[in-house]
Protein chains: 2
Amino acid sequence: MSMGNNYELYKVFYWAAKTGSLSQAAKVLYLTQPSVSHAIKQLEESFGLSLFYRNAKGVELTQEGAVLYSYIEQSQILITLAEEKMAALKNLDSGELRIGGSDSLFKHYLLPYLEQFHEAHPGVKLHLNHGTTPEIMAFLKEGRIDLGVVRMPIVDSQLEVKESFQLQDCFVAGARYADLKDEMLSLERLLQHPIILFSRNSRARMTITELFQSYGYSIKPEIEVGSVDLLIEFARRGLGISYVTREFVSKELEDGSLFEVRLDVPLPPSHVGILTMRNMPVSSAASAFIRLVR
Amino acid sequence: MSMGNNYELYKVFYWAAKTGSLSQAAKVLYLTQPSVSHAIKQLEESFGLSLFYRNAKGVELTQEGAVLYSYIEQSQILITLAEEKMAALKNLDSGELRIGGSDSLFKHYLLPYLEQFHEAHPGVKLHLNHGTTPEIMAFLKEGRIDLGVVRMPIVDSQLEVKESFQLQDCFVAGARYADLKDEMLSLERLLQHPIILFSRNSRARMTITELFQSYGYSIKPEIEVGSVDLLIEFARRGLGISYVTREFVSKELEDGSLFEVRLDVPLPPSHVGILTMRNMPVSSAASAFIRLVR
DNA sequence: GTTACCCATAGACACGGTCTATATCTCCTG
DNA sequence: CAGGAGATATAGACCGTGTCTATGGGTAAC
């Protein structure tokens with residue numbers, strides 16, 4: 001008989017050797033004793049070697065059987081570990097979740113979800129990659145992250161976009177401009193004050209630039225800053241009027257250190273979307289996180 | 001779906017991951033592509049996890065799939081090694097052969113066979129355990145040797161006895177007793193000369209003692225020695241007449257340094273038998289050796 | 001002697017692994 | 001842009017084989 005066995009036979013062999021009894025092995029494997037007997041016989045015939053001594057008390061490995069066992073034992077242990085590991089991955093007791101997004105979204109919006117997820121699944125390692133929207137999209141396509149959280153709209157045939165939540169950008173000012181608090185400003189009037197914008201090529205920056213252009217104006221910031229924190233801080237200190245996401249300054253709006261500057265034209269809401277690869281399976285950790293956020 | 005897969009699926013998974021293609025895996029495993037596709041699907045459903053990304057070029061491991069692979073790869077390699085090892089054992093390119101026997105049998109009779117066997121199967125390690133017949137029998141029953149080579153007769157229900165070759169014990173003397181060369185001695189006449197016997201409780205010693213008793217005589221050695229080599233050496237130096245196995249002194253008989261002292265009664269031949277455990281499989285190395293000797 | 005436990009064997013059945021045929025998708029090429 | 005090549009997925013049928021029950025034989029222990 002030739003080599004190239006059904007690997008199932010090794011499982012039977014493993015338990016027969018481990019328990020020293022074909023009957024015991026049968027119990028462990030939920031088989032009958034004749035099935036185990038037959039399986040061992042198949043192995044022995046395939047090798048042309050005897051693997052066990054049979055006696056009244058059970059079976060005992062022959063010299064050759066002991067050699068086989070030394071290999072098969074390790075192999076079976078690895079498979080068992082693999083199955084346990086897969087179960088852990090499935091249950092989110094293990095694994096990792098790699099999310100891409102902008103710094104500000106992480107800090108001001110996703111943080112509670114991340115905390116909640118980590119608390120529920122402490123075994124899952126979180127990897128947060130921040131970057132611009134195009135970078136996030138590239139990371140996704142390279143397989144370096146499992147999902148991306150970015151501002152809409154996104155048009156990319158390779159990506160699956162789930163609209164998640166809505167953010168409202170707005171202009172805010174501090175005490176220095178308190179006289180604007182009860183006013184409803186036109187764009188022209190707004191532009192008479194110093195404007196503070198985010199410096200990087202963010203979607204928010206592009207959106208507001210386009211909006212002013214559509215009304216025939218050009219918005220040129222007095223100050224450009226590199227982080228949402230600075231946008232807020234500069235507005236509070238009265239250096240100008242900042243264009244920020246309202247949800248990111250809810251604390252300041254509440255305690256009165258900032259107030260919203262109302263305009264006579266509507267500012268379009270911006271949507272945040274969750275990106276995954278289209279037609280590709282989503283890891284269970286990622287889908288659990290998406291379920292949590294939506 | 002629950003855990004506890006058919007391990008055969010892991011073989012399919014291994015090759016699919018290794019080749020990065022279900023079609024290639026199918027070729028390697030002599031299956032069709034749909035079979036492989038189906039097998040992978042079963043695994044994925046059993047874990048509740050996706051293992052591969054499918055694309056137009058083939059398949060690629062997901063994060064979870066890569067985790068599984070890290071375990072399964074080792075496992076499969078071990079199984080492959082195990083199968084190679086078993087083939088080597090079967091072909092006698094590997095393994096060990098443990099033989100029990102008396103020192104003199106090893107030295108004077110089995111040596112050429114051992115050399116021949118070692119030359120034919122250099123990969124098989126030889127373990128030679130010497131001891132008395134009862135010790136050899138005990139070794140066998142304890143599983144410490146694969147076969148024993150001892151003088152017959154042996155009566156033991158647990159042991160399988162194969163008669164192997166025949167030895168003829170005889171009395172030999174050196175030049176000092178040259179006058180006996182052409183004579184045919186009676187037992188009585190023999191006993192007038194100093195006799196040299198093996199001191200240990202060997203079967204040969206027992207046999208000759210019984211023989212003399214059956215004729216009404218009692219044989220009492222002038223000298224007792226502890227090895228066959230000394231039996232020969234003492235006889236050559238004229239210290240007496242030694243009782244030895246003729247085959248062990250063939251060299252000395254040929255070159256004339258010893259001659260056989262002929263008796264007027266026949267000395268019974270002694271048989272050498274090969275012992276193995278009854279109703280227990282014999283290792284392929286052992287059965288190859290037995291085939292060689294007989 | 002008898003019991004109780006092992007393993008081996010024989011024969012029947014049913015499940016599932018494998019096949020063929022076909023569909024669908026993507027990439028590449030002319 | 002159409003079409004071919006090559007990848008995987010799906011559907012359905014069949015055959016092989018792994019498993020079962022029933023039974024036999026052997027050994028150890030009481």
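Because the structure is predicted, anything quoted here is derived from the model rather than measured.
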A.B. asks: Given atom OH of B:Tyr7 and atom C1' of C:dG16, what is their separation to the nearest angstrom?
C.D. replies: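 After rounding, the reported distance stands at 19 Å.
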A.B. asks: CD of B:Gln42 versus P of D:dT10: gap in Å, rounded?
C.D. replies: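 Value for this atom pair: 13 Å.
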A.B. asks: Where the side chain of B:Ser37 meets the backbone of B:Pro34, is there a donor-acceptor pair that is under 3.5 Å apart?
C.D. replies: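 It does not hold such a pair.
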A.B. asks: Around B:Lys125, counting heavy atoms of other residues, nucleotides and ligands shown, do more than 12 lie under 6.0 Å from its NZ?
C.D. replies: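 No, the 6.0 Å shell around NZ holds no more than 12 heavy atoms from other groups.
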A.B. asks: Step through the shown structure and confirm whether more than 12 heavy atoms of other residues, nucleotides or ligands are within 6.0 Å of NZ on A:Lys162.
C.D. replies: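 Above 12, so yes.
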A.B. asks: Nearest whole Å is fine: how far is D:dT27 P from B:Met280 CE?
C.D. replies: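 Rounding to the nearest Å, CE of B:Met280 and P of D:dT27 are 11 Å apart.
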A.B. asks: If you look only at pairs with a residue in residues 87-98 of chain A, which of them pass as a salt bridge (Lys or Arg N to Asp or Glu O under 4.0 Å), with sequence neighbours excluded?
C.D. replies: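 Counting only pairs at least two positions apart or across chains, the salt bridge (Lys or Arg N to Asp or Glu O under 4.0 Å) contacts touching residues 87-98 of chain A are A:Arg98-A:Asp146.
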A.B. asks: Roughly how bent is the helix from C:dG1-D:dC30 to C:dG30-D:dC1 end to end, in steps of 10 degrees, with each end axis from five pairs?
C.D. replies: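 Between the first-five-pair axis and the last-five-pair axis there is 30°.
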A.B. asks: Measure the distance from CG on B:Leu51 to P on D:dT8 and round it to the nearest whole Å.
C.D. replies: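 Value for this atom pair: 15 Å.
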A.B. asks: Whole angstroms only, please: what is the CG-P distance between B:Leu43 and C:dG16?
C.D. replies: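 About 16 Å, once rounded to whole Å.
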A.B. asks: Output the rounded distance in Å from CG (B:Asn55) to P (D:dA9).
C.D. replies: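 In whole Å, D:dA9 P and B:Asn55 CG are 11 Å from each other.
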A.B. asks: Residues two or more places apart in sequence or in another chain: which of them pass side chain to side chain donor-acceptor pair (under 3.5 Å) with A:Glu44?
C.D. replies: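 Scan of A:Glu44 (side chain to side chain donor-acceptor pair (under 3.5 Å), adjacent residues dropped) gives A:Arg54.
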A.B. asks: Would B:Phe52 and B:Phe13 satisfy ring-ring contact (aromatic ring centres under 6.0 Å, His included), going step by step from the backbone distance to the final call?
C.D. replies: CA-CA 10 Å; B:Phe52 290 104; B:Phe13 169 77; 5.5 Å; yes
A.B. asks: Over how many whole Å does the gap from B:Glu60 atom CD to D:dT8 atom P extend?
C.D. replies: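 Taking atom P of D:dT8 as the reference, CD of B:Glu60 is at 12 Å.
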A.B. asks: Strictly below 4.0 Å, heavy-atom distances to any atom of DNA chain C: list the hits from residues 16-41 of chain B, or just say none.
C.D. replies: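 Listed by number, they are B:Tyr30, B:Leu31, B:Thr32, B:Pro34, B:Ser35, B:His38.
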A.B. asks: To the nearest angstrom, how far is B:Glu8 atom CD from D:dT17 atom C1'?
C.D. replies: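 Rounded to the whole Å, the gap is 13 Å.
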A.B. asks: Between C:dA8 and A:Arg54, is there an OP1 or OP2 to side-chain N/O distance shorter than 4.0 Å?
C.D. replies: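 Yes, such a contact exists.
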A.B. asks: Can you tell me which residue pairs pass the side chain to side chain donor-acceptor pair (under 3.5 Å) test with a partner in residues 13-31 of chain A, sequence neighbours excluded?
C.D. replies: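 Qualifying pairs, neighbours excluded: A:Tyr14-A:Lys18.
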A.B. asks: Classify the ring geometry between A:Phe289 and A:Phe117 as parallel (under 30°), tilted (30 to 60°) or perpendicular (over 60°).
C.D. replies: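 It falls in the perpendicular class, over 60°.
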A.B. asks: So, using side chain to side chain contact (heavy atoms under 4.5 Å, CB included) as the criterion, who are the partners of B:Glu119 when residues are at least two apart?
C.D. replies: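 Result, side chain to side chain contact (heavy atoms under 4.5 Å, CB included) vs B:Glu119: none returned.
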